[in-house]
Colleague: 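Following this message is one structure expressed as structure tokens.
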Amino acid sequence: MLLTVLSYVMIIVFMFVIMKKKMSPFTALVLIPLIFALIAMFAGVSKKGSIGDFVMEGIKTTSTTGIMLLFAILYFSIMLDAGLFDPITKKMIHIAKGDPMKVLIATAVVAAAVSLNGDGTTTTLICCSAFIPIYKKLDMKLMNLAVIVILQNTIMNLLPWGGPTARAMSVLNVGAEILAYLIPGMIIALLYVIFIVAPSMGRKERARLGIKQLTDEEIDVMTTVTDEETLAIRRPKIWLFNAILTILLIVLLVTDSFVGLGLPPLFLFLTGTVIALMVNYPVLKDQSSRIGANGGDAVQVVILVFAAGVFMGLFQGTGMAEALAQSFTKIIPNQLAGFWGLVIALISAPGTFFISNDGFYFGVLPVLAEAGRAYGFTDMQMALASLMGQAFHLLSPLVAFIYLLLRLTGLDMGQWQKESAKWALGIFVIFVVTIILTGHMPLYIPQ
């Protein structure tokens, strides 16, 4: 009982200090769970083990992601330095002609397409590299960019290679046909972001900035680089090589997601970074300066990823995560048995936000599913219901790549979560309503 109370209090305290900016995400991710883990151990309610063991187990779960992010950030930073995205920025501004609405809709379309590979890190790096210069040149809010990117990646994350769907399939032993049941809701949600969310943001930006009817000459002036230091690191003569290298890298990342080439993202980004440095900056002094100039941004993200590992290690190692999971199943009254599918869908929202996907699908879902079978719900229906809360999962401070997104856009986590959550609620409703209306999950089964 005490361990359950500690788990709830810890989450409340953590979210409070983040939302109210009392602590930075880095310090909160380490200190808050450490304090509560010590309380649990002192009170004798923690699982057996040492703080050090818990922390190391947690860091193991995020270490590969952290190292991969290090090289991914370095790679795309080098491409930015070399000017790979300059022509793309210029072309997009020419198409938009100063209209924020067109830029936002383009952001939504590109983010959906790039998210096909199911990897949030790649989506974030590509979208931010391509669009941040455009947003800055047009004085648009980077908050809109960060929200649209996360919403589209949230939807596409339901593809089996994205992670949560594969976990639900394995836990409840359901087949690949689950994707056919998810696709209608995913398509509607994508259209919701492209034709409702992006235009809504666009109208506000139009009201704030107006529609600047820029001429081609004005756009050329706006997009021409004049800073001498920037020009010194640009490599326009190698643009085609950089483009081919980046496309090849993305193709290999996507292909590996589908067929498993044995080429993990860490290896691909490491190799890509080495090649990019050698070709664009063959002089060793220049290579060192590029690593030094971009290493700070990479480290800022990587330490947050490791801090998230500390949080997960302490939260799960002490047993607080398990206690929280068990409490979800005990607080539901029996009168809701006929609505069990909807209950699972509602629980999956906070469940996948406060607990890792592994913790929820391998710890909470089996308990919920056992009760659901007794109430007449099939494994497929419960698997679908468990995926509805993914609409909010990527807003969790336990998701590693969001720190990259926040770092690149310079946004505050609390404000970004609030802004994203209101639109994510629409995606959640679309998901739930769609699987109910298509008959894949009954709203109610008489008991």
Side-chain angles (χ1 to χ4, degrees), residues 19 89 92-116 120 123-124 126-158 182-214 349 353 388-396 399 402 405-406 408-435 437:
M19 294 288 189
T89 301
M92 291 293 294
I93 294 177
H94 271 286
I95 293 172
K97 294 290 185 184
D99 187 352
M101 176 83 77
K102 292 180 181 178
V103 175
L104 285 159
I105 292 174
T107 304
V109 173
V110 172
V114 176
S115 293
L116 273 168
T123 301
T124 297
I126 293 173
C127 291
C128 288
S129 298
F131 283 99
I132 283 179
I134 299 170
Y135 278 64
K136 287 183 175 179
K137 286 182 185 296
L138 296 179
D139 198 28
M140 294 173 60
K141 291 181 179 179
L142 289 176
M143 175 66 79
N144 293 335
L145 170 64
V147 170
I148 287 177
V149 167
I150 208 67
L151 292 180
Q152 296 294 61
N153 197 246
T154 287
I155 298 163
M156 301 304 285
N157 199 41
L158 288 184
L182 289 169
I183 281 179
M186 292 172 66
I187 292 174
I188 294 171
L190 288 171
L191 295 175
Y192 157 75
V193 176
I194 294 170
F195 295 109
I196 295 179
V197 177
S200 175
M201 293 175 173
R203 284 189 288 273
K204 291 180 181 178
E205 288 290 70
R206 276 178 172 177
R208 186 174 70 89
L209 302 171
I211 303 176
K212 303 172 184 176
Q213 294 295 339
L214 301 174
F353 183 89
M388 302 298 97
Q390 289 296 317
F392 299 98
H393 170 66
L394 295 186
L395 306 184
S396 169
V399 176
I402 69 167
L405 179 63
L406 295 173
L408 292 175
T409 53
L411 298 173
D412 171 73
M413 178 188 285
Q415 292 177 342
W416 170 77
Q417 285 175 322
K418 289 179 194 175
E419 186 66 23
S420 300
K422 71 179 184 183
W423 298 112
L425 178 61
I427 293 175
F428 178 75
V429 171
I430 290 170
F431 283 168
V432 173
V433 170
T434 304
I435 62 168
L437 292 181

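Along the sequence shown, the residues carry numbers beginning at 1.
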Colleague: Test side chain to side chain contact (heavy atoms under 4.5 Å, CB included) on Glu205 and Leu138; report intermediate values, then the result.
Modeller: CA-CA 10 Å; Glu205 288 290 70; Leu138 296 179; over 6 Å; no

Colleague: Which residues pass the side chain to side chain contact (heavy atoms under 4.5 Å, CB included) test with Arg203, not counting sequence neighbours?
Modeller: Met101, Pro199, Ser200

Colleague: For Tyr192, check ring-ring contact (aromatic ring centres under 6.0 Å, His included) against everything at least two apart and list the hits.
Modeller: none

Colleague: For residues 104-113, pull every pair meeting side-chain hydrogen bond (donor to acceptor under 3.5 Å, both in side chains), keeping only residues two or more places apart or in separate chains.
Modeller: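 Listed by first then second residue: Thr107-Tyr135.
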
Colleague: Please report the closest heavy-atom contact between Ile105 and Ile194, naming both atoms and the distance.
Modeller: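 Distance-wise, the nearest heavy atoms are CG1-O, 4.0 Å.
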
Colleague: Met143 and Met201: side chain to side chain contact (heavy atoms under 4.5 Å, CB included), yes or no, with the steps?
Modeller: CA-CA 10 Å; Met143 175 66 79; Met201 293 175 173; over 6 Å; no

Colleague: Would you check, one step at a time, whether the test side chain to side chain contact (heavy atoms under 4.5 Å, CB included) holds for Lys204 with Asn144?
Modeller: CA-CA 11 Å; Lys204 291 180 181 178; Asn144 293 335; over 6 Å; no

Colleague: Is any side-chain heavy atom of Ile435 closer than 4.5 Å to one of Met388?
Modeller: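 When only atoms from C-beta onward are counted, Ile435 and Met388 do touch, with a gap below 4.5 Å.
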
Colleague: Do Met140 and Leu145 have side chains that approach each other closer than 4.5 Å (heavy atoms only, starting at C-beta)?
Modeller: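 A side-chain contact is absent here, since even the closest heavy-atom pair is not under 4.5 Å.
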
Colleague: Check ring-ring contact (aromatic ring centres under 6.0 Å, His included) between Phe428 and all other residues, then give those that pass, not counting sequence neighbours.
Modeller: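 In terms of ring-ring contact (aromatic ring centres under 6.0 Å, His included), with neighbours along the sequence ignored, Phe428 is linked to Phe392.
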
Colleague: According to side chain to side chain contact (heavy atoms under 4.5 Å, CB included), who are the partners of Leu191, at least two apart in sequence or on a separate chain?
Modeller: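 Applying side chain to side chain contact (heavy atoms under 4.5 Å, CB included) to Leu191 gives Ile187, Phe195.
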
Colleague: Would you check, one step at a time, whether the test side chain to side chain contact (heavy atoms under 4.5 Å, CB included) holds for Asp139 with Arg208?
Modeller: CA-CA 10 Å; Asp139 198 28; Arg208 186 174 70 89; 4.3 Å; yes

Colleague: If you measure from CG on Leu408 to SG on Cys127, what distance do you get to the nearest 0.5 Å?
Modeller: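 Rounded to the nearest 0.5 Å, the CG-SG separation comes out at 11.0 Å.
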
Colleague: Taking only residues two or more places apart in sequence or in another chain, which ones pass side chain to side chain contact (heavy atoms under 4.5 Å, CB included) with Ser396?
Modeller: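 Only Phe353, Leu398, Val399 meet the side chain to side chain contact (heavy atoms under 4.5 Å, CB included) criterion with Ser396.
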
Colleague: Checking Gln390 now: which residues fulfil side chain to side chain donor-acceptor pair (under 3.5 Å) with it, not counting sequence neighbours?
Modeller: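 Gln390 satisfies side chain to side chain donor-acceptor pair (under 3.5 Å) with Asn357, Tyr361 only.
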
Colleague: What residues form a side chain to side chain contact (heavy atoms under 4.5 Å, CB included) with Lys136, not counting sequence neighbours?
Modeller: Ile132, Leu142

Colleague: Heavy-atom distance under 4.5 Å between the side chains of Leu395 and Ile402, does that happen here?
Modeller: no

Colleague: Of all heavy-atom pairs between Ala424 and Ala391, which one has the smallest distance, and what is that distance?
Modeller: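 Closest heavy-atom pair between Ala424 and Ala391: CB-O, 3.4 Å.
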
Colleague: Who are the side chain to side chain donor-acceptor pair (under 3.5 Å) partners of Thr154, not counting sequence neighbours?
Modeller: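 Thr154: no side chain to side chain donor-acceptor pair (under 3.5 Å) contacts found.
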
Colleague: Going by the side-chain hydrogen bond (donor to acceptor under 3.5 Å, both in side chains) test, which pairs reach into residues 423-435, not counting sequence neighbours?
Modeller: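 The answer is none; no pair qualifies.
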
Colleague: Say you draw a straight line from CG of Asn153 to OG1 of Thr123; how long is it, rounded to the nearest 0.5 Å?
Modeller: 4.5 Å

Colleague: Any chance you could measure Ile150, atom CD1, to Asn157, atom CG, to the nearest 0.5 Å?
Modeller: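 It is 9.0 Å, given to the nearest 0.5 Å.
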
Colleague: Among pairs that include at least one residue of residues 414-433, which meet salt bridge (Lys or Arg N to Asp or Glu O under 4.0 Å), considering only residues two or more places apart or in two chains?
Modeller: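 Counting only pairs at least two positions apart or across chains, the salt bridge (Lys or Arg N to Asp or Glu O under 4.0 Å) contacts touching residues 414-433 are Glu419-Lys422.
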
Colleague: Just verifying a value: how many Å separate Ile427 CD1 and Gln152 CD, rounded to the nearest 0.5 Å?
Modeller: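 Ile427 atom CD1 to Gln152 atom CD measures 7.0 Å (nearest 0.5 Å).
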
Colleague: Can you name the closest pair of heavy atoms from Ala108 and Val193 and give their distance?
Modeller: CB-CG1, 4.2 Å

Colleague: Distance from Leu158 atom CG to Leu182 atom CG, nearest 0.5 Å?
Modeller: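 It is 5.5 Å, given to the nearest 0.5 Å.
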
Colleague: Find the distance between CE (Met156) and CG (Leu151) and round it off to the nearest 0.5 Å.
Modeller: 13.5 Å

Colleague: Output every pair passing side-chain hydrogen bond (donor to acceptor under 3.5 Å, both in side chains) with a member in residues 408-417, not counting sequence neighbours, ordered by first then second residue.
Modeller: Trp416-Ser420

